[in-house]
Visitor: 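Below are the structure tokens for one structure; questions will follow.
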Amino acid sequence: MDTPTSGTVRITDEFIAALAERAGRAEELRRLPAETIRDATDSGLLDLLIPRRFGGLEAPFPEILDHVRRLAHGCTSSAWTLGFYTLHGWITALFGEEAQQEAFADRPYLAPAPLAPTGTAEPRGDGYSVSGRWSWATGIMEANWVMVGAVVTGDRPDAILALLPVDDARVEDVWHTDGMRATGSNDVVIENAFVPAHRTVRVRDLYGGRTPGASLHDNHSYRWPMVPALALLAAMPALGTAERVADMFAARLSERVLAYQMVKQKDKPASRIRLGDARIRLQALRGLLAGTTVTIDGILAAGGTVDIRTRAQARLAAARIVNESRAVIGTLLEASGASVHFVDHPMQRARRDVDVLSGHVVFDYDEIREIAGSLEIGMEISPFAMV
């Protein structure tokens with residue numbers, strides 16, 4: 001088992017084991033148990049990317065990736081939700097100083113962020129009247145703030161991200177799914193809520209790493225462009241889950257006796273081949289992740305700007321990690337027999353969770369391969385492409 005990678009955040013073996021023990025109950029609750037929020041708060045994780053001036057740890061952005069990967073060795077849904085809570089602290093640090101002072105006064109800071117601009121923002125005085133309905137609000141059941149994407153109405157349409165107290169929103173209980181159930185990703189409805197201008201940021205600035213927070217904080221982590229940050233973070237629960245399934249498959253090889261044959265599965269070369277293949281494929285994914293993060297962080301540390309081709313390659317790397325992790329899980333379950341499909345078995349839960357996780361729009365493998373290929377040969381892409 002890995003050891004904690006930070007002196008300030010403690011993702012211990014005990015924390016991970018507790019997530020695994022609670023996974024079934026979390027799935028039944030369709031939200032994170034209170035103990036999980038408490039453990040995450042005590043670990044320091046939720047403060048990881050919050051700026052020091054607001055009492056956070058202000059860690060290098062890539063540090064979150066390893067923490068979330070390891071959390072998935074306990075529970076995929078919990079890793080996803082806690083990872084996004086942490087990431088959304090980083091997104092909030094991209095707003096202006098006044099917005100951050102207001103938001104980070106609430107700790108732990110728990111702010112779901114359904115980013116798709118499915119709502120409207122009508123200019124009103126020094127702010128906007130925001131209305132709409134947003135899906136996929138991961139973690140909304142425990143939230144104290146919420147961020148939503150909205151299209152600004154008027155002659156010059158724009159898209160913004162608006163930050164609101166959760167009391168300005170209504171939750172619609174729609175999260176009845178076959179996987180990722182513990183994320184509590186219900187819908188959010190907002191009706192004519194006033195959002196002052198200082199609690200908004202333009203989406204185009206988020207994509208390009210040119211936000212108010214990028215100049216407010218003297219740390220290049222706050223200049224990471226949002227899509228690579230979001231995509232790589234969201235890929236970590238899939239990678240960590242595939243690693244966990246490989247661990248469980250390896251443990252079963254020594255125990256499992258094949259029905260009707262009365263031999264242990266470890267004596268079947270084909271099973272050992274599948275395990276070896278899974279390990280090297282997962283190692284390759286970790287290498288892809290490391291190369292991608294080193295490239296982006298190096299550009300930013302040198303004072304540069306991450307161009308659109310590099311951003312697209314990062315999203316492609318994230319999609320590849322999810323696509324391949326899902327395939328590894330599938331090939332190992334194929335050789336695990338019917339017993340892993342009992343509803344309380346963690347291997348079947350892992351497969352269901354990653355199947356649902358992979359449906360996130362940022363992992364559309366066909367789309368991002370086409371975008372990356374188009375950019376490679378100088379073709380234009382849609383101005384609305386998520387890069």
Side-chain angles (χ1 to χ4, degrees), residues 84-85 87-104 106 109-141 143-175 183-214 222 224-227 229-231 233-234 311 360-362 364 382-387:
F84 272 106
Y85 278 148
L87 180 74
H88 297 163
W90 171 82
I91 293 178
T92 304
L94 306 182
F95 284 73
E97 183 170 14
E98 187 176 357
Q100 294 182 57
Q101 288 174 338
E102 292 171 352
F104 292 141
D106 290 328
Y109 177 66
L110 306 175
L115 301 176
T118 56
T120 59
E122 180 182 350
R124 180 184 296 173
D126 187 24
Y128 302 89
S129 177
V130 174
S131 298
R133 184 184 184 113
W134 292 262
S135 297
W136 324 111
T138 288
I140 191 64
M141 305 306 293
N144 41 32
W145 288 81
V146 63
M147 289 179 276
V148 295
V151 175
V152 179
T153 60
D155 296 334
R156 300 178 62 185
D158 201 357
I160 62 170
L161 189 63
L163 174 66
L164 303 88
V166 76
D167 289 345
D168 287 347
R170 183 177 80 249
V171 177
E172 294 285 343
D173 185 357
V174 300
W175 193 242
T183 66
S185 301
N186 287 299
D187 285 6
V188 171
V189 178
I190 297 172
E191 298 173 350
N192 299 314
F194 179 74
V195 181
H198 72 265
R199 282 202 264 113
T200 68
V201 63
R202 294 194 309 174
V203 170
R204 70 179 72 176
D205 292 337
L206 286 168
Y207 278 19
R210 300 180 300 271
T211 62
Y222 298 111
W224 264 69
M226 188 178 69
V227 173
L230 183 154
L233 178 280
R311 284 156 32 202
H360 194 293
V361 64
V362 79
D364 187 327
S382 167
F384 303 105
M386 193 176 181
V387 289

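Any value given below was found using the heavy atoms of this structure, including those in side chains, with hydrogens, waters and symmetry copies removed.
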Visitor: So does Trp175 have more than 12 non-hydrogen atoms from other groups sitting under 6.0 Å from CH2?
Guide: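 Enclosed: over 12 neighbouring heavy atoms sit under 6.0 Å from CH2 of Trp175.
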Visitor: Does the side chain of Leu163 come within less than 4.5 Å of Val195's, by heavy atoms?
Guide: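 The answer is no; the side chains never approach within 4.5 Å.
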Visitor: Determine, step by step, whether Glu98 and Arg199 satisfy the salt bridge (Lys or Arg N to Asp or Glu O under 4.0 Å) criterion, reporting the C-alpha distance in whole Å, the side-chain angles of both residues, the deciding distance to 0.1 Å, and the verdict.
Guide: CA-CA 8 Å; Glu98 187 176 357; Arg199 282 202 264 113; over 6 Å; no
Visitor: With rounding to the nearest 0.5 angstrom, report the OH to CE distance, Tyr207 to Met386.
Guide: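 One gets 4.5 Å once the value is rounded to the nearest 0.5 Å.
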Visitor: Taking side chain as C-beta onward, heavy atoms only, is Glu172 less than 4.5 Å from Val188?
Guide: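 A side-chain contact under 4.5 Å is absent here.
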Visitor: Less than 4.5 Å apart, any side-chain heavy atom of Asp173 and any of Asp187?
Guide: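 The answer is no; the side chains never approach within 4.5 Å.
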Visitor: Show your working on side-chain contact (heavy atoms from CB on, under 4.5 Å) between Arg311 and Val227 and close with a plain yes or no.
Guide: CA-CA 7 Å; Arg311 284 156 32 202; Val227 173; over 6 Å; no
Visitor: Roughly how far, to the nearest 0.5 Å, is the CD atom of Glu102 from the NE2 atom of His198?
Guide: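 With rounding to 0.5 Å, NE2 (His198) is 3.5 Å from CD (Glu102).
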Visitor: Main chain of Asn186, side chain of Trp136: is a donor-acceptor contact present, judged purely on distance under 3.5 Å?
Guide: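 No, the answer is negative, given that no donor and acceptor are paired below the 3.5 Å cut-off.
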Visitor: Could you tell me whether the side chain of Ile140 reaches within less than 4.5 Å of the side chain of Val146, counting heavy atoms only?
Guide: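 Val146 reaches Ile140 side chain to side chain.
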Visitor: Sequence neighbours left out, what passes salt bridge (charged side-chain N to carboxylate O under 4.0 Å, His left out) with Asp205? Give chain and number order.
Guide: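 In terms of salt bridge (charged side-chain N to carboxylate O under 4.0 Å, His left out), with neighbours along the sequence ignored, Asp205 is linked to Arg202.
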Visitor: What's the verdict on side-chain contact (heavy atoms from CB on, under 4.5 Å) for Met147 and Leu164, showing C-alpha distance, side-chain angles and the deciding distance?
Guide: CA-CA 6 Å; Met147 289 179 276; Leu164 303 88; over 6 Å; no
Visitor: Go through the steps for Leu161 and Leu115 under the test side-chain contact (heavy atoms from CB on, under 4.5 Å), then give the verdict.
Guide: CA-CA 7 Å; Leu161 189 63; Leu115 301 176; 3.6 Å; yes
Visitor: If you take all heavy atoms of Val130 and Ile190, which pair is closest and at what distance?
Guide: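 That closest heavy-atom pairing would be O-CG2, 3.4 Å.
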Visitor: Using every non-hydrogen atom in the two residues, find where Pro196 and Thr200 come nearest and quote the distance to one decimal.
Guide: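 Closest pair (atom of Pro196, atom of Thr200, distance): O-CG2, 3.8 Å.
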Visitor: Any side-chain heavy-atom pair from Tyr109 and Tyr85 closer than 4.5 angstrom?
Guide: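 Tyr109 does not reach Tyr85 side chain to side chain.
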Visitor: Determine, stepwise, if the pair Val201 / Arg210 fulfils side-chain contact (heavy atoms from CB on, under 4.5 Å).
Guide: CA-CA 10 Å; Val201 63; Arg210 300 180 300 271; over 6 Å; no
Visitor: Output the distance between atom CZ (Arg204) and atom OG1 (Thr211), rounded to the nearest 0.5 Å.
Guide: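 That separation rounds to 14.5 Å.
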Visitor: When rounded to the nearest 0.5 angstrom, what distance separates CG in Asp106 from CH2 in Trp145?
Guide: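 Between atom CG of Asp106 and atom CH2 of Trp145 there are 6.5 Å.
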Visitor: Could you tell me if the side chain of Thr120 sits less than 4.5 Å from the side chain of Tyr128, heavy atoms only?
Guide: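 No, side chains not in contact.
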Visitor: Donor-acceptor check, side chain of Asn144 to backbone of Leu110, threshold 3.5 angstrom: yes or no?
Guide: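 Checked: pair present.
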Visitor: Do Leu206 and Leu94 have side-chain heavy atoms sitting under 4.5 Å apart?
Guide: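 A side-chain contact under 4.5 Å exists here.
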Visitor: Measure the CZ-CZ distance between Phe95 and Phe104 for me, rounded to the nearest 0.5 Å.
Guide: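 Going from the CZ atom of Phe95 to the CZ atom of Phe104 covers 9.5 Å.
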Visitor: If I compare all heavy atoms of Ala214 with all of Gly209, which pair ends up nearest, and what's the gap?
Guide: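 Nearest heavy atoms, Ala214 then Gly209: CB-O, 3.7 Å.
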Visitor: With a 4.5 Å heavy-atom cut-off, do Ser185 and Thr138 have their side chains touching?
Guide: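 Answer yes - side chains close enough.
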Visitor: Which distance, rounded to the nearest 0.5 Å, do you find between the CZ of Phe194 and the CG of Asp126?
Guide: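 So the CZ of Phe194 and the CG of Asp126 are separated by 6.0 Å.
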